[in-house]
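Single-structure report; data block below.
To find a chain, count down the sequence lines: A is the first, B the second, and so on, and within it residues start at 1. Here the structure is a predicted model, which means the values were calculated and not measured.
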Amino acid sequence: MLRIECPCCGPRDHDEFRYGGDASVSRPTHDDPDPEAWYAYVYVRKNPAGLHREFWQHVIGCRQWLVVERDTRNHVVSSVTFARTSRA
Amino acid sequence: MAPYSAFQIFRNALSGQKNWQRAWRAAEPKPSYDVIVIGGGGHGLATAFYLAENHGIRNVAVLEKGYIGGGNVGRNTTVIRSNYLLDGNTQFYEFSMKLWEGMSRALNFNVMFSQRGQLVTAHSADQLDGFGHRANVMRLNGIDADILDRDEVRRLVPYLDFSDTARFPIHGAIFQGRAGTARHDAVAWGYARAADGHGVDIIQNCEVTGFIRDGERIVGVETTKGRIGAAKVGLAVAGHTSVLGAKAGLELPIESHVLQAFVTGPLKPLVDHVVAYGADHFYVSQSDKGGLVFGGNLDGYNSYAQRGNLGVVREVAEAAIALMPCISRIRLLRHWGGAMDMTPDASPIICPTPIDGLYLNGGWCYGGFKATPASGWCFAHTIATGKPHPLIAAYGLDRFRTGRTLDEAGAGPSAWLQ
Amino acid sequence: MNAQNKRLPGGGRIDRSYPVEFSFDGQKMAGYRGDTLASALLANGVTLVGRSFKYHRPRGILSAGPEEPNALVTLGTAGRREPNLPATTLELGEGMAAESQNRWPSLAFDVQSVNGLFAPFLSAGFYYKTFMGPTRRAWKVYEHFIRKAAGLGRAGTEPDPDRYEVRHAFADVAIVGGGPAGLSAARAAAAAGARVALIEQDFLLGGQLLAERSDGAAASWLNQIEAELKSFDTVTLMKRTSAFGVYDGNVIGLVEQRDQVGPPRTGEARQTVTLLRARSIVFATGAIERPMVFANNDRPGVMLASAARTYLNRFAVLPGRKVIVTAVNDGAWRTAFDYAAAGAEVTVADLRAAPPTALVAEAARIGVTVRTATRIVDLHGGRAVRGATLAGPYGQSEAACDLVCVSGGWSPTVHLTSHLGVKPRYREDIDGFVPGAFPADRFGAGAMMGNYATADAIEGGHRAGVEAASFCGKSAPVSAPSKLDLGETITTMLREIPSAQGGKAFVDFQMDVTTKDVELAHREGYEAVEHLKRYTTLGMGTDQGKTSNFLALSAMAALRGATVPETGTTTFRPPFTPVAIGALAGRATGHHFKPFRRTPMHDLHLANGADMLEVGLWMRPWFYKQSGADVNEAYVAEMRNVRQAAGLMDISTLGKIDVQGPDAATFLDRVYANGFAKLPVGRARYGVMLRDDGIVFDDGTTTRLAENRFFMTTSTAKAADVLSRLEFLLDTAWPELRVAITSVSDEWAAMSVAGPKSRAILGAAFPSLDVSNEALPHMGLHESQWEGCALRIVRLSYSGERAYEIYVGATAGEQLWSRLLEAGRPFDLKPYGVEALGALRVEKGHVAGPEIDGRTTLDDLGLGRMVGKRSSFVGDVLRRRPALLAPDRQRLVGLECIEDGKRLRGGAILFLPGEKAHGHGRGRITSVTFSPERGHYVGLALLAGDVATEGSEVVAVYPMKAETVRARIVSPVFLDPQGERLHG
């Protein structure tokens, strides 16, 4: 199990969480009409073999969306913050 | 190279097995090639073989960073089927099935393609109707398909859970008789040996570290064995497509995810088909050695670590028993993971790229093994002619921009949910 | 019954006061509590225990642990049948009935041992080179016979009647291995203040110390430390527990066997899997002795030297009286000395020219014959070893023997340490692999690190225990451990070069891989370790190559003229020892595979004759048996009743979300494709959500309860996904919006009263309620209390009839359902199920799951008009990608069957009249129903826009039933297109 230290609930197994994918992509503003910006946001991924900023939601817990920094080669988690306060 | 045959085995038995030759030469890189294929997995080796066999392009090197067949071709659960729904997928996978049917003889290497039939159980009337739709599409495309009712399923696979304590009772199944399994390593070795026979250099322990450009065009690669020139470069490195793509300057709609596979100790014949559970993530077949080979769902987060986690192991065990209760006392012998290229529509990307001289073959999600021969065939055509083979016309990189995605499960666009 | 003719009269760690009866291949035997099946078989003089995989060679017992490649048995019958169990790991239990495997008709006479004669043809990988003809399908025929010959044990086909548990546990320090290093580590970590879990696969603690005499210094040391550990209430001793895998987050997978000796207690789990989360881990997993490779080195009676010593000292069994001990190091001499002391006639054949003089002198003192620079080159005997050919400085000689103890050195048990990616590192001085650098939270000690002497193991364990505790912040002072020096000398190690002279020399016993196979793999270019393994099947057996991997690696290294580390290492995959799949599943089997979700009215549905249907995890009424003889009859009757009178439907499974806050309207305006900002208070609206890629995500209704408060419903299937997605948008995209959302799905029971008489029924059920069209119009809301619970009535219709969705606090659900049925009886109100629900919506042309299939857009579904010129909602930009607007995109149409006596079917493929039925057609039928209104089958379909002209015909082809039927393209709304039934 990955162990994710939820800032609200403490360290928990990752299967209490819902994965939300890459958190480094920037979502266009809701009224952005540029298809290219939305294409990049929805589809294009750096997919690094290394440090990855990603979303996880503590669904069986506080239900907060979190931003987790994790190494995709060894699953070492280096930071966890609330998504609300950690916009890139 | 002497062809493999029963006669050769007999002759060599008499001479103490001393006269067998290397299956493929231990090649070292030449200064340049017409085509370099990066990745000595099933797809890369098949591509090299068909470049030589179908297009007469023999000045080809396959560069493999480790040993050939060490990636997903040697890590998968070996299921081969052609039961796809969508226009574009159906025809491609059926073409692949036809190549499988002739593969051992074409390669002179027994890949043990065993057409033992695959069935997927249905657990509601609606699900069975959905299978009816799929079967209709298959039949209308010249592919064998059958719909079985509960009693027919019971006759075929009596060891499944037909009791009244089944959480999701079996209503029926879809069955493809020509589906089956193959010996996965043999596919890599067979293509390697046949490609080598055509003069292709298979270079192991040769990692590509960069691309050489002349202006906008790619004209070769940097490797741990030095610079190697190439008129064309094909990328077939499933699991690591993003990493190599980034070196070439490509950002792709691909995420790497880990899929686990499982095997039990060797047992006398028990499971005579490929059986998949329609109510959850579990599928199983029995290898010729006797081990039950099975799998489940993705671990569900980006990963390049070729290992999975215990949570999914347990989920797969639960689903296994839900489908076939008698598996409970059988012991899991080994489980491992493979890094999959997951795309936002679960269909592959195989096409020329915006970069001159670079061709892409990736994004096979968890379905790459069954595609191996057709992928090699069509990718070779694409590299040789510079134009996509008609069977892979739907697999272009631009489909995400245009909206012409091929989302077989309708689960997109989050790759890990596919 | 066999006497225990090989059992010594005294000694050992068996309980002679507690005899245990068991059987092997039907023959009754006896052993004692404290035996393993293997030791009990040896005590009874059984030498032949199994047959090998390929050549069906007779095999005995090689080891005394989980590395056993040969002695595999099957236990149990019917649902309890369990194949491929190493006899060396089975604690002897009363009535245990073991069967040998992979033999026919009997273990002693096995027809397939004839395979050995064909060995020259059955070289590694021979099957890749033949069986390719004469036809493409030929392999299927060959395979049938190959499959029958392959495999070891036979599995049962019945369900397992026993019970398993999965539990979770936590510790500061987990220590894997209860030998001297692990025990010492546990003591140190506990003394430092850490909570400790000590994991030992055996039913006794002690590890390699159990091979020592049961009355010596080792035994006193063990007793003392065990007592010390028991004095800590922070130490959990987990015996009979195997650590099968180490996973991310320092989660160790453990499987514990129930005590085999006593009878099982009712309800007790046969095995328990524990997910142990440890802050730090000490690996003290010991080492596995290597066999030696020479001709016929697999004969029954060949045993690892340490195992032979274990059987003698721990189990008081003397398996042989004429013993040859052959070794490349000093350790095996201790076996020779102990056997000599027990009265056996012993010869030591040491491959080294000059073993330590102290050993030679001791041998001379107690009458052990010593032959230096001597090796075994061949063994004789069939079902039991009878003699050996020795080759030494003075040529070859023959020696009679009934036990051959081999020691080719040791391989540290690094398996678990590498599960998380720590690569093994070659240590030249011990000629073996030890773990590479550990991360800060993992430690190693003892033989696993290559430190074989007991004194070093105790010291190393102590140090690791202190450090592991310190990593967890526990650093209380710790006293030094008691010393135990068994005087092991570890001097020169000699790499044994496998001999290929004479018969088959096995590298992997279980998989029958010989030195010749390794040579062939090398010759053919399968030199990478993984190629070698995969080509020869080396290490693929139930033992996962625990005794064979290093031998093969060193043989390949010799062939390549390379060092062992240049040749490679192998990757160790979990599990360390095989784990029953049932144990991993625990209690999640049968009915308990997945939880059931039941609505508050579930019991009433059953009482009212509902035939229930699984819908995801939910159980919903499919149809009511009183409505008809089967579902087809019932759903039409239920539909008719809704259209003519009224029906009552349980809709509690809908997702329900409370949306509150000053920006709630803005929020909904962005997440729905159609506008919500201007929805008046007290009104409901149908809404559609898109995914970011512009594909339809879900639909439902949302009601504005107050200026800043909305009540949203979602489809049953997407309830969790929608909630999570909305939370995602608020947390990550629009944190500035002042909105809070909460799932209230389980708080409300929900039911729908639909049909022309629904208003009258509502009036009868709620006498004080003004149900007039003015007070409660279509899309109107009523809120109040009912029987002390909150009540919401929203006038919404899915069926196309006048209808009311009634929400009440979940606890009052049953009561309200009954009240409505009672009030509705004079109006012919009857409950209806999901089959009728689906049919009603098809008739009304509402889309649902079959149309919202994750591939369709608003325009595809004919819903584009809802949006108009709006923009700035989720999915708006990408829904306008060119391919999604193409004129030949498939879009929703209605179809009606125009052939008498025929029907439409969902899943039929659509072609134009006269078109060849081939390929993917122009579209497909998604949903159908018999329409009582129209008197024939109608359906919804997705059909290419360029041919979807209302009034024209298509042909629906259903090859699986050999059906072809003509249909007319019509509006998808088959009923009341003006919506007159809804209003008024």
Side-chain angles (χ1 to χ4, degrees), chain B residues 4 6 9 13 17 20 22-24 67 70 87 101-102 104-105 109-110 114 129 132-133 135-136 139-141 147 159 165 167-168 185-186 265-270 288-290 309-310 314 317-318 320-322 325-336 402-404 407 410-411 413, chain C residues 82 84 120-121 123 126-132 136 143 146-147 150-152 154-160 247-248 251 253 520 523-525 528 530-531 534 542 573 578-582 584-585 588-591 593-594 614 693 853-855 881-884 906-907 909 918 920 958-960:
Chain B
Y4 289 158
I9 289 180
Q17 315 285 354
W20 292 110
R22 290 186 66 99
W24 60 90
Y67 54 92
D87 196 357
E101 287 172 329
S104 293
R105 294 181 20 118
F109 202 102
N110 188 355
S114 167
D129 283 352
H133 172 217
N136 286 338
R139 287 273 186 97
L140 288 170
N141 283 277
I147 295 293
Y159 50 83
T165 56
R167 176 67 178 82
F168 299 105
D185 293 322
L267 303 166
K268 293 297 175 192
L270 171 68
D288 286 335
K289 214 163 86 245
N309 263 305
L310 191 51
R314 294 200 47 242
E318 291 170 6
I321 293 171
C326 67
I327 205 172
S328 171
R329 261 174 143 94
I330 298 174
R331 292 189 172 200
L332 172 64
L333 180 62
R334 188 169 66 245
H335 70 93
W336 63 95
T402 63
R404 203 177 296 281
D407 192 342
Chain C
E82 195 169 17
N84 297 347
F121 307 99
S123 58
F126 76 97
Y127 30 76
Y128 298 125
K129 300 170 179 167
T130 183
F131 302 130
M132 287 178 270
R136 284 174 160 211
E143 187 186 40
I146 290 172
R147 273 167 64 83
L152 287 170
R154 185 170 57 79
T157 55
E158 290 170 43
D160 184 346
Y247 298 88
D248 291 299
V251 176
L520 180 63
R523 187 172 299 127
E524 295 191 281
E530 280 297 323
H531 283 165
R534 289 155 183 259
T542 58
R573 300 287 182 193
V579 185
I581 292 168
L584 292 165
T589 60
H591 269 318
F593 168 50
K594 297 279 181 195
E614 293 88 9
D693 64 353
D853 65 355
R855 292 188 288 263
R881 286 177 288 173
L884 299 180
I909 312 300
H918 178 78
H920 290 77
Y958 202 104
M960 298 313 296

Part of Ile321(B) lying under 4.5 Å from any heavy atom of chain C: side chain
Could you look at Ala411(B) and say if it's the side chain, the backbone, both or neither that has a heavy atom under 4.5 Å from chain C? backbone
Distance from Thr589(C) atom OG1 to Arg167(B) atom CZ, nearest 0.5 Å? 13.0 Å
If you take all heavy atoms of Trp24(B) and Gly525(C), which pair is closest and at what distance? CZ2-O, 4.1 Å
Any Lys/Arg nitrogen of Arg855(C) or Asp407(B) sitting under 4.0 Å from an Asp/Glu carboxylate oxygen of the other? no
Could you have a look at Leu584(C), Ile146(C), Val251(C) and say which one has the most heavy-atom pairs with chain B under 4.5 angstrom? Leu584(C)
By ring-ring contact (aromatic ring centres under 6.0 Å, His included), His591(C) pairs with (sequence neighbours left out) Phe596(C)
Arg139(B), part contacting chain C, at a heavy-atom distance under 4.5 Å: side chain
Side chain from CB out, backbone as N, CA, C, O: work out which of these in Asp853(C) comes under 4.5 Å of a heavy atom of chain B, or both, or neither. backbone
Which heavy atom in Gly132(B) sits nearest to a heavy atom in Tyr958(C), and how many Å separate them? CA-OH, 3.5 Å
What distance separates Ile9(B) CD1 from Tyr127(C) OH, expressed to the nearest 0.5 Å? 11.0 Å
Count the heavy-atom pairs under 4.5 Å between each of Pro325(B), Gly290(B), Ala317(B) and chain C, then report the option with the highest count. Ala317(B)
More than 12 heavy atoms of other residues, nucleotides or ligands under 6.0 Å from CZ of Arg404(B): is that the case? no
Option in Gly907(C), Ala155(C), Gly854(C) with maximal non-hydrogen atom pairs under 4.5 Å from chain B: Gly907(C)
Side chain, backbone, both or neither: which part of Asp185(B) has an atom under 4.5 Å from a heavy atom of chain C? side chain
Arg331(B) (side chain) donor-acceptor with Thr542(C) (main chain) under 3.5 angstrom: no
Any idea which of Glu82(C), Glu530(C), Arg523(C) has the most non-hydrogen atom pairs under 4.5 angstrom with chain B? Arg523(C)
For a quick test of reading the model, state the closest non-hydrogen atom pair linking His918(C) to Leu140(B) and the distance between them. ND1-O, 3.0 Å
Picking from Gly906(C), Ala150(C), Gly156(C), which has the most non-hydrogen pairs under 4.5 angstrom with chain B? Ala150(C)
Drop me the distance from Tyr247(C)'s OH to Asn309(B)'s CG, to the nearest 0.5 angstrom. 8.5 Å
Pair count under 4.5 Å, heavy atoms only, with chain C: among Gly265(B), Pro269(B), Ala320(B), highest is Pro269(B)
Given heavy-atom pairs under 4.5 angstrom as the criterion, report whether the side chain, backbone, both or neither of Leu520(C) touches chain B. side chain
Closer than 3.5 angstrom, by distance alone: can the side chain of Arg573(C) be matched with the main-chain N or O of His335(B) as a donor-acceptor pair? no
When you measure from the side chain of Asn110(B) to the backbone of Met132(C), do you find a donor-acceptor pair of N or O atoms at a distance under 3.5 Å? no
Heavy-atom pairs under 4.5 Å with chain C - which of Thr165(B), Asn136(B), Thr402(B) has more of them than the others? Asn136(B)
Residue Ala528(C) versus chain B: region with a heavy atom under 4.5 Å: side chain
Any idea which heavy atoms bring Gly253(C) and Leu310(B) closest together, and the distance? CA-CD2, 4.0 Å
One should read off an interatomic distance between Glu614(C) CD and Phe168(B) CZ, to the nearest 0.5 angstrom, of 6.5 Å
Counting distance only, does the side-chain N/O of Asn84(C) pair as donor-acceptor with the main-chain N or O of Leu267(B) below 3.5 Å? no
Sort out for me which of Tyr159(B), Trp336(B), Trp20(B) touches chain C most, counting heavy-atom pairs under 4.5 Å. Trp20(B)
Straight-line distance of Asp288(B) CG to Arg147(C) CZ, nearest 0.5 Å: 6.0 Å
Please walk me through it: do Leu270(B) and Arg154(C) pass side-chain contact (heavy atoms from CB on, under 4.5 Å)? CA-CA 8 Å; Leu270(B) 171 68; Arg154(C) 185 170 57 79; over 6 Å; no
Quick one: does Lys268(B)'s side chain have a donor or acceptor within less than 3.5 Å of a partner on Gly151(C)'s backbone? yes
Going from OH on Tyr67(B) to NE2 on His531(C), what distance comes out if it is rounded to the nearest 0.5 angstrom? 6.5 Å
